[in-house]
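Worksheet: one structure, shown below.
One-based numbering, in listed order, for ligands and for the atoms of each.
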Amino acid sequence: MLINEDVLGRIFSGWTSILRKCVFRVLRVGPIPCHVAIIMDGNRRYAKRKRLEEGTGHDAGAMALLYLLVYCYELGIKYVTAYAFSIDNFKRNPEEVQKIMDLMMESVFLLARLSKVCSLRVHFAGNLQLLSADLRTAAKKLMENTAGNSNLVLTICVSYTCSDEILHAVEESCKEKTETTGRDDESVIKLADIEKHMYMAVAPDPDILIRTGGECRLSNFLLWQSCCCHLSSIFTVWPEFGVLHLVKVVLDFQHKYSYFARKKNAIMELENG
Ligand SMILES: CC(C)=CCC/C(C)=C/CC/C(C)=C/COP(=O)(O)OP(=O)(O)O
């Protein structure tokens, strides 16, 4: 197991931490994204390349996520959303599925510790009914225990696909309208009703969506929310994603910032009539 309690101490100490803070101070002269979303691809390739035991790539992936959270906290990025497990991933070999679920359970404890260090709030987004009762209970407890925190908000998309999220939001909107108006025709459903019931209603739309592992697909992740965000496909596999990759992505974002700001304003004006 790669994840252990010493990790947190290591991330926050040493000369690399000082150097990182200096780089971040310079980066903060420009606009900083509010929300970064990530598709953590390439864990198995990482393990294969390093000739590690099968499944160890996911351990290293969870560590990389932990490091990213600390970098985002230090840089002032408020929201991080990670695609940890899609509904389609349940079709993988049952041993690998179990390994990822166990890892998620262990991560819950580590995230609880991190939440105290950097006032981290954790959300789990997706069809949580598909998880084991133990993991669901642990996830709900972590969400409740961190609900008062506000410096950094992590949303872990698990048992998630965006098409399932949209379907769920439409169903919930219809149910709510029927209860409140007695009408069940879809003409009374407004865009705002659906958005209110999206799992991702807990965060603003992402400014940056990163996919590692060299792929350029969204794989049913945040399709609804990513109409106006900077997409970044990175060749590096997820466990090797580090601070320099984040700095490069943020610099790219800053370079294109005025275009995205104009686009977002235009969409907001259209929505507000
Ligand atoms: C704290 C927390 C939420 C932990 C999450 C653990 C974690 C990193 C899960 C990601 C699992 C996953 C399906 C990765 C995709 O890489 P892949 O297996 O498809 O890799 P490949 O592209 O090399 O096949």
Enumerate, one pair per line, all nitrogen or oxygen atoms of ligand 1 lying under 3.5 Å from a protein nitrogen or oxygen, stating the separation to 0.1 Å; write 'none' if no such pair exists.
unit_1	atom_1	unit_2	atom_2	d
ligand 1	16 (O)	Gly42	N	3.4
ligand 1	18 (O)	Arg44	NE	3.3
ligand 1	18 (O)	Arg92	NH1	2.9
ligand 1	19 (O)	Asp41	OD1	3.4
ligand 1	19 (O)	Arg92	NH2	2.7
ligand 1	20 (O)	Gly42	N	3.3
ligand 1	20 (O)	Asn43	N	3.1
ligand 1	20 (O)	Arg44	N	3.2
ligand 1	22 (O)	Asp41	OD1	2.8
ligand 1	22 (O)	Gly42	N	3.4
ligand 1	22 (O)	Arg45	NE	3.4
ligand 1	22 (O)	Arg45	NH2	2.9
ligand 1	23 (O)	Arg44	N	3.3
ligand 1	23 (O)	Arg45	N	2.8
ligand 1	23 (O)	Arg45	NE	3.1
ligand 1	24 (O)	Arg44	NE	2.8
ligand 1	24 (O)	Arg44	NH2	3.1

Donor-acceptor pairs are to be reported for all side-chain atoms of residues 16-25 against protein atoms at under 3.5 Å, with residues two or more places apart or in another chain.
unit_1	atom_1	unit_2	atom_2	d
Ser17	OG	Phe12	O	3.3
Ser17	OG	Lys21	NZ	3.4
Arg20	NE	Glu74	OE1	2.7
Arg20	NH2	Ile11	O	3.1
Arg20	NH2	Glu74	OE1	3.1
Arg20	NH2	Glu74	OE2	2.9

Any salt bridge linking Lys256 with Asp252? Criterion: basic side-chain nitrogen under 4.0 Å from a carboxylate oxygen.
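No salt bridge links Lys256 with Asp252.
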Looking at Asp88 and Lys91, is any side-chain nitrogen of the basic one under 4.0 Å from a carboxylate oxygen of the acidic one?
yes
Does one side chain, of Asn265 or Glu269, offer a donor that lies under 3.5 Å from an acceptor on the other?
no
Around atom CD of Glu54, are there more than 12 heavy atoms of other residues, nucleotides or ligands at under 6.0 Å?
no
How far apart are the C-alpha atoms of Ser173 and Glu176, what are their side-chain angles, what is the distance that settles it, and do they pass the side chain to side chain contact (heavy atoms under 4.5 Å, CB included) test?
CA-CA 5 Å; Ser173 305; Glu176 188 184 66; 5.8 Å; no
